[in-house]
Asker: 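One structure, pasted below without further comment.
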Amino acid sequence: MRLRHHSGRVVHLTHGTAVRPARDLPAIVEQLDAYAEAVRSRLDVDTLGVSLWLPPTLAAALAIDGRSRTRLRAELTARGLEVVTLSGVPYAEGGDEGSDEPDWSDPARLEYTLDLARILVDLLPDDAVRGAVTTIGLGRADGWDDAKQKACARILGRLSGGLAEVAWQTGRAVRVGFRPGPGAVLDGSASVAAAFTRVDKDRLGVSLDLAALACTWEEPGAYLDRLAGAGVSVIQAQVTAALQADDPAAATEALRGYVHSQRHPVTTPDGGCLDLADALRDPPAGPWRVLTPVPLKEQPPAPLRATTEVWRTAVSRLMAGALPGTEHLDIEAQGATELADLGLSPPAVHISC
């Protein structure tokens, strides 16, 4: 699906399938039939943007098999689907192994990301200007030492060179967005601005999860202004809300319903911890924000609430300028109409660039 910014520029709206594993090409096609095409029909749009997640083994195979890439592009087109972004956040074969390892001090992360870029240029619609690959916020802050930082700097240089080679060979550009988050090397706006001091900002930027932005407790406009001042592009924004407990003690029972095997970081204005279960055992002081997605059209059980105003403020700021502040928005299917009053117009028909 494409939206029109007030400047006339197109903003690509995608609906991610990154949490749904597909280990081979037939499994991807089955996923598109069972899920993505149904979403397109429910939204009643001619074309739906989807952000695919391809596990490393499958990505490596598709990157060297042009016929399979051509087939995948044809399967997408036949279903009224288009791909302008690929998720490289989970480095996993089944989708449940976590995404922290390997980090960006390891060449394996580089090769996976470049494989995704090589695939994406063949999946992009003919009229798309460029695409994006999302990845982790460099790595875990815990244990990120000088050796990791130096290795990361070298690998990011190789990433920039690899993306330039892809563009030279194909005539199509792919940028990589690093996703800040609690506990990552990239988190608050200061850490992002500092990390991008000596990188290729034409090809590398950030992919903002707006729930994670809420968990920084920074004012969204100030966060985005600091990135803009440092020349850091918002390559993609994921429109999501986090969970907020203004009085965690009063919300203990409601919060227990969000404890799962997957880790959900908890932040406060002064700190926090990396898992909700730990926070409930040893509660940090102050209001909490929990990095667990809250559906945009739903409210969590009282006395909890969603950080709705954070994502709305962030999207409004991104779309308030003479040009859109990002080319790619990722949003749950039922939330697309929420963008109508934030500087974007859901089209009645498919918009071409």
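The first residue of the sequence shown is numbered 1, and numbering continues consecutively from there. All values derive from a computational prediction rather than experimental measurement.
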Asker: Only one of T240, T134, T14 clears side-chain hydrogen bond (donor to acceptor under 3.5 Å, both in side chains) with D330; which?
Answerer: T14

Asker: Roughly how far, to the nearest 0.5 Å, is the CG atom of L72 from the CG atom of L123?
Answerer: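 Atom-to-atom, L123:CG and L72:CG are 5.0 Å apart.
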
Asker: Output yes when D115 and R118 qualify as a salt bridge under the 4.0 Å nitrogen-oxygen rule, no when they do not.
Answerer: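 Yes.
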
Asker: Out of curiosity, L58 CG to L52 CG, how far, rounded to the nearest 0.5 Å?
Answerer: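 CG of L52 is found 10.0 Å from CG of L58.
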
Asker: Can we say R109 and D103 salt-bridge, meaning some charged N sits less than 4.0 Å from an Asp/Glu carboxylate O?
Answerer: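 No, R109 and D103 are not salt-bridged.
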
Asker: Between S160 (side chain) and G157 (backbone), is there a donor-acceptor pair under 3.5 Å?
Answerer: no

Asker: What's the verdict on side chain to side chain contact (heavy atoms under 4.5 Å, CB included) for L274 and R140, showing C-alpha distance, side-chain angles and the deciding distance?
Answerer: CA-CA 11 Å; L274 291 179; R140 292 282 301 276; 3.3 Å; yes

Asker: Could you please spell out the steps behind the side-chain hydrogen bond (donor to acceptor under 3.5 Å, both in side chains) verdict for S51 and T85?
Answerer: CA-CA 5 Å; S51 179; T85 63; 3.0 Å; yes

Asker: Between H5 and L323, what is the shortest heavy-atom contact and its length?
Answerer: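 Nearest heavy atoms, H5 then L323: CE1-C, 3.6 Å.
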
Asker: Rounded to the nearest 0.5 Å, how far apart are CZ of R175 and NE2 of H328?
Answerer: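 Taking CZ in R175 and NE2 in H328, the distance rounds to 6.5 Å.
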
Asker: If you draw a 6.0 Å radius around CD in E30, do more than 12 non-hydrogen atoms from other residues or ligands fall strictly inside?
Answerer: no

Asker: Identify the heavy atoms of A212 and L291 that sit nearest to each other, and give their distance.
Answerer: N-CD1, 3.5 Å

Asker: Search all heavy atoms of R203 against all heavy atoms of I235 and return the closest pair with its distance.
Answerer: O-CD1, 4.3 Å

Asker: So, taking the atom named CG in L25 and the one named CZ in R67, what distance separates them when rounded to the nearest 0.5 Å?
Answerer: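 The distance works out to 12.0 Å.
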
Asker: Is the backbone of G177 close enough, under 3.5 Å, to the side chain of Q236 for a donor and an acceptor to pair up by distance?
Answerer: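 Checked: no pair found.
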
Asker: Before accepting this row, confirm whether a basic side-chain N of the pair D126/R73 lies closer than 4.0 Å to the acidic partner's carboxylate O.
Answerer: yes

Asker: L224 pairs by side-chain contact (heavy atoms from CB on, under 4.5 Å) with which of T313, L208, T326, V232?
Answerer: L208

Asker: Quick check against the 3.5 Å criterion: does R69 have a side-chain atom that pairs as donor or acceptor with the backbone of I119?
Answerer: no

